[in-house]
Amino acid sequence: MSNAEIAHVLEKIARLLEVQGAIRFKIQSYDRVSRVVADLDRPLAEIFAAEGHKGLTALPGIGESTAAKIEEMLTKGRCTKYEELQAALPPGIEELLAVPGMGPKTALLAATRLKVRSLDDLERAIQAHKLAALPRMGAKLEEKLLKGIAIVRQGLARKSLGEALPLADALLDSLRALPGVSRAEAAGSLRRMRETVGDLDLLVAPRRPADATAIMRAFVSHPDVTGIIAHGDTKASVRLRQGLDADLRVIEPAAFGAALHYFTGSKSHNIRVRELGVKLGLKINEYGVFRGAKRVGGREETEIFRAVRLPFIPPELREDEGEIEAAAKGRLPRLVDARDIRGDLHVHSTWSDGRASIEAMVAAARALGYEYLAFCDHSQSLKVARGLSVPDLRRKHREIDALNRDLRGFRVLKGAEVDILPDGSLDYPDEVLDELDVVVASVHTRFTLDEAAQTKRVVAALRHPRVTFLGHPTGRMLGMRDAHPINLHDVIAAARDHGKALELNAQPDRLDLSSGPLREARAAGVMIAIGSDAHDTASLSFVPRFGAGAARRGWVGPGQVLNALPLAKLLKRLGNAKPRSARFRAASPGA
DNA sequence: GCCGTTTTCGGCCCGACTGTTTTCAGTCG
């Protein structure tokens with residue numbers, strides 16, 4: 001079983017223990033271990049094969065009992081404990097627990113007293129008002145659960161960062177425009193730049209305490225709000241027209257930093273920080289840092305970290321994936337920042353399927369403060385994207401040469417996004433590739449090859465001396481298309497061995513690579529090219545807006561980013577690969 | 001169930017909102 005599957009079973013065990021009324025700490029323990037497993041960058045199967053039982057218990061939160069369960073899952077593909085729990089509880093209870101608003105108590109009551117076994121049963125019971133007849137249940141709960149059923153049926157779609165970020169920015173703008181608002185920030189997974197976002201968490205500091213009511217009222221009556229889920233004194237939850245929920249909290253300025261930290265999460269990161277606080281005799285919550293009843297910090301986020309004797313940890317790292325330990329040792333990496341980006345090595349133009357001319361793209365790039373832009377239009381066989389024939393490619397090069405003659409302080413680079421053909425060879429002959437400054441090798445066809453074949457194909461391309469980097473390495477489209485099967489460990493190793501970079505494609509519905517492989521690449525010393533893959537001028541901003549954040553989640557520093565190099569150093573690096581192509585050609589008959 | 005430069009047993013992170021209640025349980029983040 002994969003890590004994700006094992007994490008899923010452990011999470012299910014926690015939910016079922018909750019129904020059983022097990023002690024809170026046992027449940028927390030399963031929840032924690034489930035998160036640990038889900039976040040591992042190495043397969044448990046590999047750890048167990050290499051280090052056995054001890055390798056498992058060495059992982060945080062995993063003791064004897066959990067290790068035994070994991071071993072059973074790895075070797076037999078099942079978990080007796082989970083099966084026993086399922087057998088001991090009413091059938092269908094897990095389906096009920098998936099409904100928002102339905103917790104362990106309500107689910108158990110519905111399952112035992114009303115014999116509800118499924119979503120459909122639950123819906124019927126509610127419509128017959130049987131649920132409201134149970135103790136402590138009423139009409140409002142029925143209403144909430146009916147909405148919850150609808151949400152489960154339409155799929156709990158998380159929105160991509162690309163949809164959520166502009167929405168949050170617009171809401172923040174309207175909040176900041178209110179006279180009673182002194183500060184408004186987004187928190188939550190959005191601030192951590194997670195690639196998908198479940199809801200928006202917004203925080204506001206009022207100028208005066210009395211302003212809170214008006215701010216809340218303005219928020220719940222925003223034109224994008226289609227429903228109010230909760231509306232209290234300090235918190236409101238609403239459903240937005242765009243299909244996302246947003247929470248607003250009004251926070252007194254003296255606690256704003258504490259609240260920002262608390263609501264930014266992640267949950268496991270917060271737990272770790274609060275635990276550190278407890279050891280130092282402090283209580284940390286969303287209202288501040290407290291020693292006894294006295295608040296000793298909380299206005300700024302830095303005060304939270306200072307209280308637990310850590311340096312400031314950037315939001316993108318707050319996943320409890322080693323950032324606390326690194327911070328404690330003073331080994332937090334300096335992360336790449338949008339300001340470090342000097343250019344873009346993956347953009348398209350009207351020569352292939354782009355919607356802007358080379359000149360228009362260059363103007364937009366200069367406005368971003370870039371020094372260079374590599375035009376990587378599609379290669380000849382990708383007909384759907386109007387891939388360039390060799391003569392067209394050379395005509396394009398003449399346009400670039402002419403442009404470069406006139407440009408000062410900016411360089412247009414000749415590039416191509418060259419298809420990796422199914423056999424691993426490239427879609428232009430070597431003598432054409434030799435004319436290019438930047439070769440992005442990408443898979444656009446035959447996504448269905450099995451993992452071994454796809455990996456072999458990509459590794460073959462990385463071995464080619466003229467390739468600069470691998471484009472969108474997994475091919476995933478968030479919420480639309482899964483990554484194609486590929487062994488990224490092998491790909492990263494090949495990139496390392498052949499001195500090639502990997503792309504972090506900054507299209508917000510790709511963000512390909514994700515943080516796990518980025519960290520592995522970083523550890524291997526593999527350079528990352530953060531490419532916008534822009535097909536129009538506006539999309540150039542994908543790199544600073546989404547790509548930099550995604551790279552930061554992968555602990556990537558400016559020194560590992562190819563397009564953070566100044567032009568002269570970039571050219572030197574690109575040029576270094578050139579002489580090797582002669583040897584490659586000699587060794588490649590048919591090229 | 002996990003864990004330990006105070007502990008191998010006794011702790012384990014914290015609070016808001018809602019609904020159905022006359023003081024609080026349940027759910028969520």
Side-chain angles (χ1 to χ4, degrees), chain A residues 10 13-15 17-36 56-70 81 96-110 131-145 147-148 151 156 187-189 197-203 216 228-238 245-251 255 258-259 261-290 298 304 308 320:
Chain A
L10 293 167
I13 290 176
R15 298 287 75 75
L17 284 171
E18 223 165 27
V19 175
Q20 268 199 337
I23 60 161
R24 196 157 44 98
F25 304 110
K26 195 176 196 171
I27 295 160
Q28 276 177 7
S29 177
Y30 275 102
D31 273 326
R32 170 159 193 238
V33 83
S34 162
R35 282 194 304 270
V36 166
L56 297 179
T57 54
L59 295 167
I62 297 183
E64 290 303 323
S65 167
T66 311
K69 290 180 185 76
I70 292 175
K81 171 79 176 180
L96 300 183
L97 288 171
V99 177
M102 177 76 91
K105 305 289 184 195
T106 316
L108 186 63
L109 212 54
L131 201 71
L134 295 176
R136 288 194 148 274
M137 315 253 161
K140 289 288 183 89
L141 180 72
E142 289 189 332
E143 197 184 319
K144 183 159 83 178
L145 290 176
K147 283 185 186 163
I151 288 172
L156 283 159
S189 50
V197 172
D199 61 6
L200 305 180
D201 291 294
L202 307 176
L203 306 184
M216 290 298 236
I228 301 172
I229 301 160
H231 182 179
D233 290 338
T234 65
K235 180 193 166 184
S237 289
V238 298
D245 291 350
D247 291 348
L248 177 72
R249 289 171 173 88
V250 177
I251 313 285
H261 180 260
Y262 180 88
F263 290 110
T264 296
S266 66
K267 189 173 171 139
S268 8
H269 168 93
N270 285 354
I271 290 173
R272 293 290 308 280
V273 169
R274 290 197 292 265
E275 281 171 356
L276 289 176
V278 169
K279 285 186 187 133
L280 295 167
L282 301 168
K283 183 173 77 167
I284 297 173
N285 58 29
E286 61 264 53
Y287 300 107
V289 182
F290 296 87
I304 308 301
V308 294
D320 188 20

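In what follows, chains carry the letters A, B, and so on, assigned in the order in which the sequence lines appear, proteins first and then strands, with residues in each chain numbered from 1. Every heavy atom of this structure was used, including side-chain atoms; hydrogens, water molecules and symmetry mates were not. Everything numeric in this text was worked out from a predicted model, so none of it was measured.
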Peer 1: Determine the interatomic distance between C1' on B/dC3 and the same-named atom on B/dT8; round to the nearest Å.
Peer 2: 9 Å
Peer 1: Got a sec, which residues hit side-chain hydrogen bond (donor to acceptor under 3.5 Å, both in side chains) with A/Tyr262, two or more places apart in sequence or on another chain?
Peer 2: none
Peer 1: Anything under 3.5 Å between a protein N or O and an N or O of nucleotides 3-12 of chain B, put it in a table, one pair a line.
Peer 2:
residue	atom	partner	partner atom	Å
B/dC3	OP1	A/Gly61	N	2.6

Peer 1: Quick one: list whatever passes side-chain contact (heavy atoms from CB on, under 4.5 Å) with A/Leu276, sequence neighbours left out.
Peer 2: A/Val308, A/Leu310, A/Ile324
Peer 1: Rounding to a whole Å, what distance do you find between A/Asn285:CG and B/dG29:C1'?
Peer 2: 14 Å
Peer 1: Mind checking what makes side-chain contact (heavy atoms from CB on, under 4.5 Å) contact with A/Glu18, not counting sequence neighbours?
Peer 2: A/Arg15, A/Ile27, A/Pro104
Peer 1: Using the P atom in both, what is the distance from B/dG26 to B/dT22, to the nearest Å?
Peer 2: 14 Å
Peer 1: Taking the P atom of each, how far is B/dC13 from B/dC2, in whole Å?
Peer 2: 15 Å
Peer 1: Show every salt bridge (Lys or Arg N to Asp or Glu O under 4.0 Å) that has at least one partner inside residues 269-280 of chain A, sequence neighbours left out.
Peer 2: A/Arg272-A/Asp320, A/Arg272-A/Glu325
Peer 1: Keeping A/Asp31 on the side-chain end and A/Ser34 on the backbone end, is there a donor-acceptor pair under 3.5 Å?
Peer 2: no
Peer 1: Where the side chain of A/Glu286 meets the backbone of A/Ala258, is there a donor-acceptor pair that is under 3.5 Å apart?
Peer 2: no
Peer 1: Would you please name every residue forming a side-chain hydrogen bond (donor to acceptor under 3.5 Å, both in side chains) with A/Thr57, sequence neighbours left out?
Peer 2: none
Peer 1: Could you work out which one of B/dG1, B/dA16, B/dC13 sits closest to the side chain of A/Ile271?
Peer 2: B/dC13
Peer 1: Would you please confirm or rule out a distance under 4.0 Å between OP1 or OP2 of B/dC14 and any side-chain N or O of A/Lys267?
Peer 2: no
Peer 1: Base, sugar-phosphate or nothing for A/Gly265? Non-hydrogen atoms, less than 4.0 Å.
Peer 2: nothing
Peer 1: Atom CD of A/Glu64 and atom C1' of B/dC2: how far apart are they, to the nearest Å?
Peer 2: 11 Å
Peer 1: In whole Å, what is the span from the CG atom of A/Leu97 to the C1' atom of B/dC28?
Peer 2: 14 Å
Peer 1: Which nucleotide wins on minimum distance to the side chain of A/Thr234, given the candidates B/dG1, B/dA16, B/dC28?
Peer 2: B/dA16
Peer 1: Using atom CG of A/Leu248 as one end and atom C1' of B/dA16 as the other, report the distance to the nearest whole Å.
Peer 2: 14 Å
Peer 1: Looking at B/dC28, B/dG29, B/dG1, which one has an atom nearest to any side-chain atom of A/Pro100?
Peer 2: B/dC28
Peer 1: If B/dT8 has a Watson-Crick or G-U wobble mate with both distances under 3.5 Å, name it; if not, just say none.
Peer 2: none
Peer 1: Please report the distance, rounded to the nearest Å, between OH in A/Tyr287 and C1' in B/dG15.
Peer 2: 6 Å
Peer 1: Could you state the atom-to-atom distance from CD of A/Glu18 to C1' of B/dT27 in whole Å?
Peer 2: 10 Å
Peer 1: A/His269 versus A/Val273: any side-chain heavy-atom pair under 4.5 Å?
Peer 2: yes
Peer 1: Are any non-hydrogen side-chain atoms of A/Val99 and A/Leu97 less than 4.5 angstrom apart?
Peer 2: no
Peer 1: How far does the P atom of B/dC9 sit from the matching atom of B/dT18, given to the nearest Å?
Peer 2: 46 Å
Peer 1: Tabulated below should be each protein N or O lying under 3.5 Å from an N or O of nucleotides 18-23 of chain B; please produce it.
Peer 2:
residue	atom	partner	partner atom	Å
B/dT18	OP1	A/His231	N	2.9
B/dG19	N2	A/Arg136	NH1	3.3
B/dT20	OP1	A/Gly138	N	2.7
B/dT20	OP1	A/Gly138	O	3.3
B/dT20	OP1	A/Ala139	N	3.0

Peer 1: Can you identify which nucleotide, out of B/dC14, B/dT27, B/dG1, has its nearest atom closest to the A/Lys283 side chain?
Peer 2: B/dC14
Peer 1: Sequence neighbours left out, what passes side-chain contact (heavy atoms from CB on, under 4.5 Å) with A/Ile229? Give chain and number order.
Peer 2: A/Ser237, A/Arg239, A/Asp245
Peer 1: CZ of A/Arg274 versus C1' of B/dC13: gap in Å, rounded?
Peer 2: 5 Å
Peer 1: Does A/Met102 or A/Ser65 map to a spot on DNA chain B nearer the 5' end, using the closest nucleotide for each?
Peer 2: A/Ser65
Peer 1: Between B/dT20 and B/dA25, how far apart are the C1' atoms? Round to whole Å, please.
Peer 2: 10 Å
Peer 1: What distance, rounded to whole Å, do you find between the two P atoms, one in B/dT5 and one in B/dG1?
Peer 2: 23 Å
Peer 1: Grab the CZ-C1' distance between A/Arg249 and B/dG15 for me, whole Å please.
Peer 2: 10 Å
Peer 1: Are OP1 or OP2 of B/dC17 and a side-chain N or O of A/Ser237 less than 4.0 angstrom apart?
Peer 2: no
Peer 1: Taking atom C1' in both B/dG11 and B/dA16, compute the distance separating them and give it to the nearest angstrom.
Peer 2: 26 Å
Peer 1: Tell me every residue that passes side-chain hydrogen bond (donor to acceptor under 3.5 Å, both in side chains) with A/Lys144, counting only those two or more places apart in sequence or in another chain.
Peer 2: none
Peer 1: Using a heavy-atom cut-off of 4.0 Å across all strands, would you classify A/Thr106 as base, sugar-phosphate, or nothing?
Peer 2: sugar-phosphate
